[in-house]
Peer 1: 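Before anything else, here's the structure in question.
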Amino acid sequence: MVRKSLPIVQPADVRGRYHRARHTVFWLLIALWAALPWISVGGHPAVFLDVEGRRFFLFGATFNAQDTWLLFFLATGIVFALVYLTAVAGRVFCGWMCPHTVFLEGVFRRVERLVEGPRERRIRANAAPWTLAVVGRKVVVQTVYLLLSFAIAHVVLSYFVSLPNVFRMVRARPAEHPEAFAWAFCMTGILYFDLAHFRERLCTSFCPYGRLQGVLIDEDSVVVGYDVKRGEPRGKVSETNKGDCVDCTRCVVVCPTGIDIREGLQLECVGCSACIDACDEVMGRLGRAPGLVRYDSTHGLAGERRRFWRPRIVLYTALLLLGGAVATAAATLRPDYEVVLLRAPGTPYVVTPDGVYNAFDLHLVNKRGTRERFRVTLEGDSDMSVRIEPSDIELDALAGGHVAIGTRVPSERFHGDFRVRVHVERTGADDPREVGATFLGSRP
Ligand code: SF4
Ligand code: SF4
């Protein structure tokens with residue numbers, strides 16, 4: 001039985017300065033991503049999105065459900081930073097930082113290279129009849145892929161349920177935590193399918209970011225490009241009156257999306273720079289200057305003046321600085337606790353021969369990552385008697401609590417509605433808060 005070659009691209013190995021730099025970045029990113037759930041800042045993981053507790057810990061800062069609006073800044077900030085980066089440096093995010101690229105190029109492709117050999121051997125093996133050795137190597141590779149997908153899925157899970165919980169869940173039976181088990185199971189399957197079999201098709205056919213390149217970059221954005229003026233007309237080394245491109249197709253066989261950069265910038269180019277290293281290597285062997293394929297703008301590749309500051313970059317920079325300032329102010333000016341005073345459910349007030357009664361419900365939310373103590377006092381009419389339960393309240397990190405406030409004014413002393421003010425003080429801090437409400441009533 002003869003198998004057809006796998007439809008996925010089998011890029012050739014490449015060496016060079018960008019390859020080394022990129023893989024250094026990959027490993028730094030992987031190390032950071034795997035370490036963050038272990039690093040504790042202020043008693044909590046450095047990055048922890050506690051779904052169950054509806055809390056978010058970010059490098060010592062704590063956020064709860066009331067801070068959801070800050071996510072607007074986070075989401076728009078990430079999107080805008082990506083737009084800015086693309087306008088300046090093309091798809092540098094895709095080639096150097098995207099998790100899909102980081103794991104595919106930094107981990108998964110390494111496994112098959114290690115077990116199944118270089119590109120030519122892999123292609124030959126895929127096209128040849130089954131043998132025990134070929135099947136054995138495939139089984140090893142796919143098993144390692146599955147284990148890697150399983151590990152990645154569980155590290156991702158730890159960002160949402162914390163590391164100790166992940167360890168506990170892994171040791172327990174799936175029926176004890178069905179949601180987390182289903183999530184980890186599905187994520188393992190998706191990662192395995194994507195990184196082992198789907199690969200570059202995610203970038204070339206599905207990723208919406210790749211589809212937007214046309215509008216995000218301009219002729220001054222730095223992209224991976226081929227110097228047509230220098231390279232053409234291409235021809236063999238032995239031929240005279242030819243450009244520097246010797247048509248060796250090294251830049252094509254190393255491309256993880258299988259395109260030919262000499263045909264110009266294409267949507268499928270993820271800016272990985274493999275073709276730069278490949279061509280520089282060829283140029284080096286021929287004693288010619290590197291950079292026939294290089295990072296440059298379309299203007300630069302055409303020999304024209306390169307510009308960094310152009311209207312869209314000026315506008316993006318101004319918007320980025322403004323957005324950053326507003327987001328920083330919003331995050332830092334955020335109070336450490338929330339106080340809301342509501343009238344207690346039921347009738348607004350009660351009148352008895354004894355007096356006029358108003359009841360309030362004070363809702364306190366501790367927004368710090370530590371346990372805090374609060375004291376509640378009330379100020380109002382001097383004839384008013386007050387009952388506060390409890391007047392001293394302790395709240396866990398990011399926890400909320402209620403204080404019941406009952407007030408009474410003797411009927412003969414009630415002369416009309418008036419304001420009451422509730423004071424809240426946090427022990428050991430100088431950030432008192434005051435909220436007010438109207439004492440309502442009528443004479444019997
Ligand atoms: S054309 Fe070059 S930079 Fe673009 S994806 Fe292919 S190898 Fe990477
Ligand atoms: S690697 Fe360089 S010389 Fe070889 S085909 Fe590509 S551009 Fe031409």
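Whatever order the structure lists ligands and atoms in, that order sets their numbers, starting from 1.
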Peer 1: If the contact criterion is a heavy-atom separation under 4.0 Å, does Met283 count as touching ligand 2?
Peer 2: yes
Peer 1: Show me which atoms of ligand 2 lie under 4.0 Å from any heavy atom of Thr249.
Peer 2: 4 (Fe), 5 (S)
Peer 1: Given 3.5 Å as the limit, does a donor-acceptor pair link the side chain of Arg288 with the main chain of Asp244, or not?
Peer 2: yes
Peer 1: Below 4.0 angstrom from a heavy atom of Ile261, which ligand 1 atoms are there? Numbered from 1 as shown, please.
Peer 2: 1 (S)
Peer 1: Using a strict cut-off of 4.0 Å, indicate which atoms of ligand 1 neighbour a heavy atom of Thr257.
Peer 2: 5 (S)
Peer 1: Should you measure from each heavy atom of Cys279, which atoms of ligand 2 turn up under 4.0 Å away?
Peer 2: 1 (S), 2 (Fe), 7 (S)
Peer 1: What atoms of ligand 2 come closer than 4.0 angstrom to any heavy atom of Arg262?
Peer 2: 5 (S), 7 (S)
Peer 1: Mind checking whether Arg234 contacts ligand 2 via backbone (N, CA, C, O), side chain (CB onward), both or neither, at a 4.0 Å heavy-atom cut-off?
Peer 2: neither
Peer 1: Quick one: which ligand 1 atoms are inside 4.0 Å of a heavy atom on Ser273?
Peer 2: 3 (S), 8 (Fe)
Peer 1: Would you check, one step at a time, whether the test side chain to side chain contact (heavy atoms under 4.5 Å, CB included) holds for Thr257 with Val9?
Peer 2: CA-CA 6 Å; Thr257 60; Val9 176; 5.8 Å; no
Peer 1: Taking the basic N atoms (NZ, or NE/NH1/NH2) and the acidic carboxylate oxygens, is any pair closer than 4.0 Å for Asp296 and Arg306?
Peer 2: yes
Peer 1: List the closest protein heavy-atom neighbour of atom 6 (Fe) of ligand 2: residue, atom name, distance to the nearest 0.1 Å.
Peer 2: Cys251 SG, 2.3 Å
Peer 1: Do His197 and Tyr192 touch side chain to side chain, with heavy atoms closer than 4.5 Å?
Peer 2: yes
Peer 1: Considering only the protein, which heavy-atom contact is closest to atom 8 (Fe) of ligand 2, and what is its distance?
Peer 2: Cys245 SG, 2.3 Å
Peer 1: Quick test: of every protein heavy atom, which one is nearest to atom 2 (Fe) of ligand 1, and how far off is it to 0.1 Å?
Peer 2: Cys275 SG, 2.3 Å
Peer 1: Do Tyr226 and Glu263 pair up side chain to side chain, a donor and an acceptor below 3.5 Å, judged on atom types alone?
Peer 2: no
Peer 1: Relative to ligand 2, is Val252 under 4.0 angstrom through side chain, backbone, both or neither, heavy atoms considered?
Peer 2: neither
Peer 1: For atom 3 (S) of ligand 2, what is the closest protein heavy atom, and at what distance to 0.1 Å?
Peer 2: Val246 N, 3.5 Å
Peer 1: Tell me whether atom 8 (Fe) of ligand 1 has Cys272 as a neighbour, meaning an N, O or S atom of it below 2.8 Å.
Peer 2: yes
Peer 1: Is NZ or CZ of Arg426 both nearer than 6.0 Å to the six-membered ring centre of Tyr337 and within 45° of the ring axis?
Peer 2: no
Peer 1: Give the atoms of ligand 1, by number and element, whose distance to some non-hydrogen atom of Val224 is under 4.0 Å.
Peer 2: 3 (S)
Peer 1: Do NZ/NE/NH1/NH2 and the carboxylate oxygens of Glu176 and Arg173 come within less than 4.0 Å?
Peer 2: yes
Peer 1: Can you tell me the protein heavy atom closest to atom 4 (Fe) of ligand 2 and the distance?
Peer 2: Cys248 SG, 2.3 Å
Peer 1: Between Glu281 and Arg15, is there a side-chain N and carboxylate O pair less than 4.0 Å apart?
Peer 2: no
Peer 1: Given Val282 and Arg285, is the side chain to side chain contact (heavy atoms under 4.5 Å, CB included) satisfied, shown in steps?
Peer 2: CA-CA 5 Å; Val282 173; Arg285 280 208 303 270; 4.2 Å; yes
Peer 1: Around atom 5 (S) of ligand 1, find the nearest protein heavy atom and jot down its residue, atom name and distance.
Peer 2: Val270 N, 3.3 Å
Peer 1: For Arg307 and Glu219, indicate whether the former's side chain and the latter's backbone hold a donor-acceptor pair under 3.5 Å.
Peer 2: no
Peer 1: Run the salt-bridge test on Arg121 and Glu116 with the 4.0 Å N-O cut-off and return the result as yes or no.
Peer 2: no
Peer 1: Report yes or no: does Val254 have a heavy atom closer than 4.0 Å to ligand 1?
Peer 2: no
